[in-house]
Amino acid sequence: MNDKIKFNINENEESWILKSLVLFKNNLIAQNRATNDIDDIILRISSKHKIDLDTIDAGIVINSLSALRHKLKSENLPRTEINDILGKMLDETDSKKKLILRKSRGNGRKF
């Protein structure tokens with residue numbers, strides 16, 4: 001059984017993921033909770049081309065995207081892109097143990 005998932009994200013999706021993680025981190029800071037795991041994920045996503053996420057890290061990203069989706073919904077803002085990213089991530093993490101994010105440029109090339 002393959003325990004890794006190849007998940008391609010473009011620059012826009014990367015931006016949404018980072019925004020959601022920062023929002024999630026800010027909420028944890030307001031509750032005086034640790035943010036070390038989120039800091040690590042943010043650093044890896046913003047500095048590397050291929051990111052290995054285990055199930056815990058993938059869960060953190062999914063939860064942060066879900067929180068951002070909820071915030072956008074409460075403000076009556078469009079959330080189609082968040083829904084698309086969440087859909088892809090949830091489909092891929094159902095039966096796998098690891099999630100690998102690969103960044104691609106706007107034209108679909110990996111870098």
Minimum heavy-atom distance between Asn12 and Glu81, given as atom pair plus value: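 Here Asn12 and Glu81 meet closest at ND2-OE1, 2.6 Å.
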Side chain to side chain contact (heavy atoms under 4.5 Å, CB included) partner of Ile62, chosen from Asp57, Leu86, Ile85: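 The single option meeting the side chain to side chain contact (heavy atoms under 4.5 Å, CB included) with Ile62 is Leu86.
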[atom1] of [X] to [atom2] of [Y]: how many Å apart, nearest 0.5 Å?
{"X": "Ile60", "Y": "Ile41", "atom1": "CD1", "atom2": "CD1", "result": "4.0 Å"}
{"X": "Ser64", "Y": "Lys25", "atom1": "OG", "atom2": "NZ", "result": "13.0 Å"}
{"X": "Phe24", "Y": "Leu68", "atom1": "CZ", "atom2": "CG", "result": "12.0 Å"}

All side-chain hydrogen bond (donor to acceptor under 3.5 Å, both in side chains) counterparts of Gln31, not counting sequence neighbours: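 Gln31: side-chain hydrogen bond (donor to acceptor under 3.5 Å, both in side chains) contacts with Arg33.
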Test item: Asn63 side-chain N/O and Gly59 main-chain N/O as donor-acceptor pair under 3.5 Å: yes
Polar side-chain atom of Ser46 near backbone of Ile42 as donor-acceptor pair, under 3.5 Å: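 Yes, the answer is positive, given that a donor and an acceptor are paired below the 3.5 Å cut-off.
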Enclosure of Ile56 CD1 (heavy-atom neighbours >12, cutoff 6.0 Å):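 Not buried by this count: 12 neighbours or fewer within 6.0 Å.
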Ionic contact status for Asp84 with Lys88, cut-off 4.0 Å: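 Result for this pair is no, no salt bridge flagged.
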Same apolar cluster: Ile17 and Leu28, side chain cutoff 4.5 Å: yes
Verify same cluster id: Leu43, Ile38 (apolar side-chain graph, 4.5 Å):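 Per the 4.5 Å side-chain linkage, Leu43 and Ile38 are not co-clustered.
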